[in-house]
Enquirer: 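Handing you this structure, nothing more for now.
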Amino acid sequence: MSSKETWKRLLTYVNQYKNATFGVIVCAIISVLASLVGPYMIGRAIDHMAGQGGVDFRGVAQILAGLGIVYAVGSLFSWLLTYLTNRVAYQTVNDMRRELFDHFNILPLSFHDNHPQGDSISRFVNDMDAVSDGLLQGFSTLITGIVTIIGSIVLMLYISPLMTLVVLVSAPVTYGVARFITTRSQRMFREQAKILGSLNGYVEEMIGGQRVVTAFHYENRTFEEFSAKNGQLYQAGVKSQFYGSLSNPSTRLVNNMTFSVTAMIGCISIILGVISVGGLSSFLIYTNLFAKPFNEITGVLTQFQSATASAQRIFAILDSPPEQPEKSNAVQLERSKGTIVFDHVKFSYNPERTLITDFSLEVKPGTRVAIVGQTGAGKTTLVNLLMRFYDVDSGSISIDGVNINDMSRDSLRTNFGMVLQDTWLFSGTIRDNIAYGKPEATEEDVIAAATAANAHSFIKRLPHGYETVISGSGDTLSQGQKQLLTIARVILVDPPMLILDEATSSIDTLTEARIQKAFMKMINGRTSFVIAHRLSTIREADLILYMKNGDVVESGTHNELLASGGHYASLYNSQFTTA
Ligand SMILES: Nc1ncnc2c1ncn2[C@@H]1O[C@H](COP(=O)(O)OP(=O)(O)OP(=O)(O)O)[C@@H](O)[C@H]1O
């Protein structure tokens, strides 16, 4: 998307606040006009004091009173300008953020699988901030700057065309000097931001992995690496500040030289009687007013560039195609009986490499299916297809005789309860975390679910019981406790079908036994798919699917598969017999 298209699109958001935007323009014009009228009145006041026949006190007093009113009006509108600009900018960014969040929710899982989380978060926070700053600063600075420049030129021309010519000739020089320095300093600032980003990432990694760092005695090495990056940041900071600090004095030097030349011409003009002393005073103030916006606009251009780049990153997400829209006559799956049929399913993440070539299976209600296979065999992929996180390329999956592609996704997914290895908890109380899928649940329901999940006893021992607040990462709980909470969460919702991913990470044997018991209780009577790592789960399964390179190469009960002496039998013999 080009910069022009980006801004056109950005302005469609701003356009929703037409009245406020119009107010911004009106306030900018009035506040600038007040600041332009002021110097003219000051000049006139000086003429009333320096004119022939002494000081005209009445005239001066009248002008000063007028000046007071003009500046008061100017200040009022300048405040209104800031207020309205803030409103337009924040409301615009608010709308964009809402739209982005909405869009995130309807993006297919493939998007999230292929985009780093950190980058998506950065678009939400940093890029939105850059757009907001661009709109906030850019708008008012650009409008007031342009009106100030045009207004000062008109008034300067009115006072003295010759002196105006001198000022106008110097303007491109000032602009050129400012541009020369800022382009260089921007390069340095970009470099500094890059190093800062890398330092941030490094610190985040090291703090997150502090345990591993300490375990491997890596403290000295990490300190050295950190010091090197910190040193680079220092160098880049000094350089960018050096260049940045040149900008103001250099442009001021050019402006002051222009000021001196115009003042000299002005004095000669006074002697020649072409202009008055007051006229020269007004003119000199206008030269300052005229020069100021150039610097500001140069600064704002950088902000515009950064806002454009950020808006492009935001629009790129908004333009990512959402999940295929639901069919208008999509079937609402009520409480499923739990019959699942995979019929010649073919699927690949990547068109060049087919993963599942031809998978068929019929699962009767209440069947416990254990999926086993080496890492990367396609176990999670099967779950992804079942939940319609990805759509099959050909063939079909149906539940209770209805193709899942003809069902509403919501009704399909609410029929499944999922407990994954990566437990997901959010900042809030234990109670709210358990009641996530059923916020209206009563205290008794929550306790009953926790009890069924064997979680009640540990929750009770926490200082505030069910009201204990945990952080999003749930770091104050053990891995096993976190999993018990997610099991309680699913038990509370009571879905007819289950998808469970047994934890591979080591959990203490007591908690593991508890989880196992909770799993078994939950599975009882429900169609369930368990990505199984434990022998007990596998042995008790009604059907075991052994997956290899995306396909189910063996299926049957534990005894059948063992007797057939295939892949499962070797896996069992190599892994589980010792266990
Ligand atoms: N989102 C994705 N995009 C592209 N390829 C993927 C994606 N997810 C998985 N794959 C690939 O598909 C294959 C099967 O992956 P899958 O996650 O289903 O394996 P798995 O059996 O669940 O493995 P594990 O036991 O390690 O979790 C792997 O080769 C993997 O690299």
Side-chain angles (χ1 to χ4, degrees), residues 104-120 317 320-324 340 342 344-361 363 368-395 397 404 409 413 416-424 479 482-483 486 497-507 512 515-516 519 528-538 541 543-555 561 566-568 570-572 574-576 579:
F104 260 110
N105 281 328
I106 54 166
L107 281 172
L109 198 72
S110 55
F111 176 91
H112 300 289
D113 282 346
N114 294 313
H115 287 79
Q117 266 180 21
D119 182 63
S120 299
I317 295 200
S320 304
E323 269 191 321
Q324 254 188 13
I340 302 176
F342 290 80
H344 297 290
V345 168
K346 188 173 167 198
F347 174 75
S348 57
Y349 287 108
N350 180 338
E352 281 107 58
R353 202 180 135 239
T354 305
L355 185 64
I356 298 180
T357 48
D358 184 12
F359 174 52
S360 295
L361 175 77
V363 180
R368 300 177 198 178
V369 183
I371 312 172
V372 294
Q374 282 157 357
T375 180
K379 302 180 291 289
T380 311
T381 306
L382 218 53
V383 169
N384 282 343
L385 296 179
L386 203 53
M387 291 291 273
R388 250 192 105 191
F389 291 146
Y390 286 84
D391 283 331
V392 297
D393 295 335
S394 67
I397 302 174
I404 59 170
R409 283 192 189 86
R413 290 170 190 167
F416 281 101
M418 272 181 107
V419 179
L420 302 179
Q421 276 191 48
D422 298 330
T423 44
W424 180 76
Q479 192 55 36
K482 283 193 258 183
Q483 196 152 45
T486 54
M497 296 178 287
L498 293 170
I499 290 171
L500 310 174
D501 193 352
E502 283 185 337
T504 42
S505 53
S506 54
I507 292 171
E512 186 174 332
I515 293 174
Q516 193 62 18
F519 264 148
S528 51
F529 291 83
V530 187
I531 298 180
H533 304 285
R534 290 196 194 95
L535 182 59
S536 51
T537 316
I538 300 171
L543 179 67
I544 300 165
L545 305 179
Y546 185 92
M547 294 196 74
K548 193 177 172 198
N549 300 330
D551 280 317
V552 175
V553 288
E554 287 172 25
S555 65
L561 292 183
H567 296 287
Y568 176 77
S570 6
L571 175 82
Y572 177 80
S574 66
Q575 277 188 15
F576 297 127

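Everything numeric in this text was worked out from a predicted model, so none of it was measured. One-based numbering, in listed order, for ligands and for the atoms of each.
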Enquirer: Mind running side chain to side chain contact (heavy atoms under 4.5 Å, CB included) on F359 and L545 for me, showing each step along the way?
Expert: CA-CA 11 Å; F359 174 52; L545 305 179; 4.2 Å; yes
Enquirer: With L382 as reference, evaluate I531, V345, I371, I397 under the side chain to side chain contact (heavy atoms under 4.5 Å, CB included) test and give the passing residue.
Expert: I371
Enquirer: Sort and list the pairs that fulfil side-chain hydrogen bond (donor to acceptor under 3.5 Å, both in side chains) and have at least one residue in residues 544-554, not counting sequence neighbours.
Expert: T357-D551
Enquirer: How would you list, by chain and number, every residue that makes a ring-ring contact (aromatic ring centres under 6.0 Å, His included) with F347, sequence neighbours excluded?
Expert: Y349, Y390
Enquirer: What are the polar N/O contacts of ligand 1 with the protein below 3.5 Å, with distances?
Expert:
from     : atom 1 : to   : atom 2 : distance (Å)
ligand 1 : 1 (N)  : D113 : OD2    : 3.2
ligand 1 : 1 (N)  : Y390 : OH     : 3.2
ligand 1 : 18 (O) : T380 : N      : 3.4
ligand 1 : 18 (O) : T381 : N      : 2.9
ligand 1 : 18 (O) : T381 : OG1    : 2.4
ligand 1 : 19 (O) : G378 : N      : 3.3
ligand 1 : 21 (O) : A377 : N      : 3.1
ligand 1 : 21 (O) : G378 : N      : 2.9
ligand 1 : 21 (O) : K379 : N      : 2.9
ligand 1 : 21 (O) : K379 : NZ     : 3.0
ligand 1 : 22 (O) : T380 : N      : 2.9
ligand 1 : 22 (O) : T380 : OG1    : 2.5
ligand 1 : 23 (O) : G376 : N      : 2.9
ligand 1 : 25 (O) : K379 : NZ     : 2.9
ligand 1 : 26 (O) : T375 : OG1    : 2.5

Enquirer: Which pair of heavy atoms, one from H112 and one from F104, lies closest together, and at what distance?
Expert: NE2-O, 3.3 Å
Enquirer: Please table the atom pairs, donor to acceptor, closer than 3.5 Å between any side-chain atom in residues 373-380 and protein atoms at least two apart or in another chain.
Expert:
from : atom 1 : to   : atom 2 : distance (Å)
K379 : NZ     : G373 : O      : 2.9
K379 : NZ     : Q374 : O      : 2.9

